[in-house]
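All remarks here apply to the structure that follows.
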Amino acid sequence: KDKTAYFTATIVLYHSNDTYEYSEGRTYGKIIDEEIGDKSFGYDCIFLSDDLNKTFGSATNEEKNSVSHRFRAINKIKEVL
């Protein structure tokens with residue numbers, strides 16, 4: 001019944017002195033019953049993004065990348081660097 005969902009990406013930067021930095025990015029949405037958009041990548045056509053108010057399958061690459069879990073994780077690790 002609860003169709004809320006999110007994608008998570010974790011990036012770990014390992015240093016040669018056995019220390020590490022990590023960041024996590026998430027993008028939130030919900031799973032929908034009908035497929036909307038391009039079916040070429042994973043669950044994109046059934047993941048309705050809270051940020052975009054459309055499925056990832058119907059978003060442009062630029063739109064999707066601007067709110068993606070990977071983009072958010074990368075931006076967080078940049079702060080550490």
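Because only heavy atoms are used, hydrogens play no part in the values below, and waters and symmetry mates are left out as well, while side chains stay in.
- For E35 against I46, the heavy-atom pair with the smallest separation is CG-CG2, 3.7 Å.
- Of all heavy-atom pairs between L48 and T55, the closest is CD1-N, 3.7 Å.
- Within the structure, the salt bridge (charged side-chain N to carboxylate O under 4.0 Å, His left out) test picks out the following pairs touching residues 68-81 (sequence neighbours left out): D51-R72.
- Listed by chain and number, the residues in a side chain to side chain donor-acceptor pair (under 3.5 Å) with N17 are T19 (sequence neighbours excluded).
- Every side-chain contact (heavy atoms from CB on, under 4.5 Å) that D33 has, sequence neighbours left out, goes to K3.
- The environment of OH in Y20 is sparse: at most 12 heavy-atom neighbours from other residues, nucleotides or ligands sit within 6.0 Å.
- Of all heavy-atom pairs spanning C45 and D38, the tightest one is CB-O, 3.8 Å.
- I31 CD1 to Y43 OH: the interatomic distance, rounded to the nearest 0.5 Å, is 8.5 Å.
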CA sep, side-chain torsions, deciding dist, call: S23, V80, side-chain contact (heavy atoms from CB on, under 4.5 Å): CA-CA 9 Å; S23 67; V80 173; over 6 Å; no
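- To the nearest 0.5 Å, the span separating CG on N65 from OG1 on T60 amounts to 8.0 Å.
- Taking each heavy atom of G25 and A73 in turn, the nearest pair found is N-CB, 3.6 Å.
- Of all heavy-atom pairs between E63 and S66, the closest is O-OG, 2.7 Å.
- Atoms CD1 and CG, from I11 and N75 in turn, are 9.0 Å apart once rounded to the nearest 0.5 Å.
- Under the 4.5 Å side-chain contact rule for hydrophobic residues, I77 and V67 do not share a cluster.
- Two residues are said to be in side-chain contact when any heavy atoms from C-beta on lie closer than 4.5 Å; T8 and H69 fail this criterion.
- In terms of the ring pair (Phe, Tyr, Trp, His ring centres under 6.0 Å) criterion, residue partners of Y28 (sequence neighbours excluded) are, by chain and number, Y6.
- With sequence neighbours left out, the salt bridge (Lys or Arg N to Asp or Glu O under 4.0 Å) criterion links E21 to no other residue.
- When the ring pair (Phe, Tyr, Trp, His ring centres under 6.0 Å) test is applied to F47, the partners found at least two apart in sequence or on another chain are F7, F56.
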